[in-house]
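Residues take their numbers from the sequence shown, with the count starting at 1.
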Amino acid sequence: MDINGLLKPLPCSCGKTHFCDIEQVFIEKNAILRLKDALKNHQNILVVADENTFDAAGEKTLSALSDKNVKTVIFSGKTVLVPDEKAIEKVNENIENIQMIVGIGSGVIQDLCKYVSGQSNIPYLIVATAPSMDGYASDGAAMILKGMKETVKSGLPRLIVADTLILKDAPMEMIKSGYGDIIGKFSALNDWKLSACVNNEYFCQYIYDLTFEQIQKTLSLADGIKQRDEESIKALMEALVIVGILMSFAGSSRPASGSEHHFSHFFEITGILNNTPYLAHGIDVAYSTVITAKIRQEIVNKTFPDKLFRLNKEDYETLIQNIYSSCADGCIKLQERIGNYNDKLSIYLEKEQEIKDILNECPTPEEIIKMLEKVDLNMQEFYEIYTNKQIENAILYSKELKDRYTVLWLNYDLFGY
């Protein structure tokens, strides 16, 4: 597929004209050489990276910018970089007179540059160092602000520059993370269709179908991904970028992020709060897709009750306080504003069979496990790092983190667990 062709306005049968304001995407061998021409009208450049991503692509990037006035912000590579107020401040200290921010990295570096760009109105581009996630072409910056995971609309990169010679040498965990992030779209798409049924949420069949194509394409790449085959890695990166573009088409991350991402955010937030370990984002998403598939399967095999499950409001808020501590009030206010606490029982009972038919469209847990095993992702890793209690808490409380109706709300409303 011609990715750059997708960047043109596209009238759609859903009633919208889809568009994505990225100027160009380069996914090719020696793509970094494109920077010289792309930045010919920009003289003052800020390069943002961490020590690991700079080692991967910093020298090539600075060489392409040799005729520019370049400042650098290089974060430590020895600890996990958190995109929080402290990291934002470090970048902001260096943006005076800057005409373009050049991020070198993947998820966190991308989000940080995206956020600062959105706040400062300084354009940015990203030099990708790993095919690890689908956020390269999305306008949402996944930040940790006031201790809470928050996706902030921050604008798109001018360019995505992905040198396949660099991508194929990324840590295998990050490559598997990109594969896992794509497999998670089975869950995300199912949640989107579910919410369209229950909440009459906007839904676009074109976006749905094109996202599904990226899942199917990625499944065919498994052997090449394990071997670091350059063409397979290129195709994986293309799938991740296309999904990001489709998020722009939808106006939200709905096609790419659902209950499986809620789990990942839960493990990350509680890991930061409690100083406990958590997996790489895409790998968490992949394993969490198995858990959400189990939840769908269990709902399908039950008769919907004639009474909505509800805990006493004060008791429930106390439980959320115990889980999220400083983040709890923000979670509660978010859900009250969105309306996910509202009574949907009459809709559930009226549409019980339609809801079950939708849930049945998602692959089974066993099928997803086989997909993950193709790239040596073993579900046992998930159970070794997270306790049964952590997983139970994720099922109950991860839904509170985002403004998104998913199967987790359906499960809670009907059965309370």
Requested in this report: Report the residues that fulfil side chain to side chain contact (heavy atoms under 4.5 Å, CB included) with Asp403, sequence neighbours left out, ordered by chain and then residue number.
Outcome: Leu334, Ile338

Query - Residue pair Asn92 / Gln119, side-chain donor-acceptor N/O under 3.5 Å - result: no

Report summary line: Residues at least two apart in sequence or cross-chain that pass salt bridge (charged side-chain N to carboxylate O under 4.0 Å, His left out) with Lys176, listed by chain then number, are none

Requested in this report: Using distance alone, with no hydrogens and no angle criterion, decide if Asp357 and Gln353 have a side-chain donor and acceptor under 3.5 Å apart.
Outcome: yes

Query raised in the report: Does a side chain donor of either Glu381 or Tyr287 reach within less than 3.5 Å of an acceptor in the other side chain?
Result: yes

Report task. Please name the pair of heavy atoms, one in Ile166 and one in Ala57, separated by the smallest distance, quoted to 0.1 Å. Result -> CD1-CB, 3.6 Å

Requested in this report: Could you tell me whether the side chains of Thr318 and Asp315 share a donor-acceptor contact shorter than 3.5 Å?
Outcome: no

Query raised in the report: Does a side chain donor of either Thr53 or Thr129 reach within less than 3.5 Å of an acceptor in the other side chain?
Result: no

Query raised in the report: For Asp163, which of Lys29, Lys60, Lys234, Lys168 qualifies under salt bridge (charged side-chain N to carboxylate O under 4.0 Å, His left out)?
Result: Lys60

Query raised in the report: Thinking salt bridges, do Lys294 and Glu298 make one under a 4.0 Å N-O criterion?
Result: no

Report task. Verify the ring-centre separation between Tyr397 and Phe263: is it less than 6.0 angstrom? Result -> no

Query raised in the report: Under 6.0 Å from the six-membered ring centre of Tyr202 and within 45° of its axis: does the NZ or CZ of Lys16 meet both?
Result: yes

Report task. Output all residues satisfying side-chain hydrogen bond (donor to acceptor under 3.5 Å, both in side chains) with Glu201, sequence neighbours left out; order by chain, then residue number. Result -> Ser195, Arg254

Show every donor-acceptor pair shorter than 3.5 Å between a side-chain atom in residues 133-144 and any protein atom, with sequence neighbours excluded, or say none if there are none.
{"unit_1": "Asp134", "atom_1": "OD2", "unit_2": "Lys185", "atom_2": "NZ", "d": "2.4"}
{"unit_1": "Tyr136", "atom_1": "OH", "unit_2": "Ala130", "atom_2": "O", "d": "2.6"}
{"unit_1": "Ser138", "atom_1": "OG", "unit_2": "Lys114", "atom_2": "NZ", "d": "3.3"}
{"unit_1": "Ser138", "atom_1": "OG", "unit_2": "Gly135", "atom_2": "O", "d": "3.4"}
{"unit_1": "Asp139", "atom_1": "OD2", "unit_2": "Lys153", "atom_2": "NZ", "d": "3.3"}

Query - Pair listing, ring pair (Phe, Tyr, Trp, His ring centres under 6.0 Å) test, anchored in residues 208-244, at least two apart - result: Phe186-Phe212, Phe203-Tyr208

Report summary line: Nearest heavy-atom approach of Arg310 to Asn342 is NH2-O, 3.5 Å

Query - Glu89: side chain to side chain contact (heavy atoms under 4.5 Å, CB included) partners, not counting sequence neighbours - result: Glu93

Query - Counterpart residues, salt bridge (charged side-chain N to carboxylate O under 4.0 Å, His left out), relative to Glu361 (two or more places apart) - result: Lys193

Report task. Evaluate whether atom CD of Gln216 has more than 12 neighbouring non-hydrogen atoms of other residues, nucleotides or ligands under 6.0 angstrom away. Result -> yes

Kindly list each side-chain donor-acceptor pair under 3.5 angstrom involving residues 274-281, sequence neighbours excluded, with atom names and distances?
{"unit_1": "Asn274", "atom_1": "ND2", "unit_2": "Thr270", "atom_2": "O", "d": "3.1"}
{"unit_1": "His281", "atom_1": "ND1", "unit_2": "Ser264", "atom_2": "OG", "d": "3.1"}
{"unit_1": "His281", "atom_1": "NE2", "unit_2": "His261", "atom_2": "NE2", "d": "3.3"}

Query raised in the report: Looking just at side-chain N and O atoms, do Glu260 and Thr292 make a donor-acceptor pair shorter than 3.5 Å?
Result: no

Query raised in the report: Hey, are Thr151 and Lys402 close enough side-chain-wise for a donor-acceptor pair under 3.5 Å?
Result: yes

Report summary line: Sorted by chain and residue number, the ring pair (Phe, Tyr, Trp, His ring centres under 6.0 Å) partners of Tyr386 (sequence neighbours excluded) come out as Phe267, Phe382

Report summary line: Sorted by chain and number, sequence neighbours left out, salt bridge (charged side-chain N to carboxylate O under 4.0 Å, His left out) with Arg404 holds for none

Query raised in the report: Can you list the residues that meet the side-chain hydrogen bond (donor to acceptor under 3.5 Å, both in side chains) rule with Glu85, with sequence neighbours excluded?
Result: none

**Report entry** Sidechain N-carboxylate O distance under 4.0 Å for Arg158, Glu23
**Finding:** yes

Query - Any residue meeting side-chain hydrogen bond (donor to acceptor under 3.5 Å, both in side chains) with Asn340, in chain and number order, not counting sequence neighbours - result: Gln335

Report task. Give a yes or no on whether the ring-centroid distance for Phe19 and Phe249 is below 6.0 angstrom. Result -> no

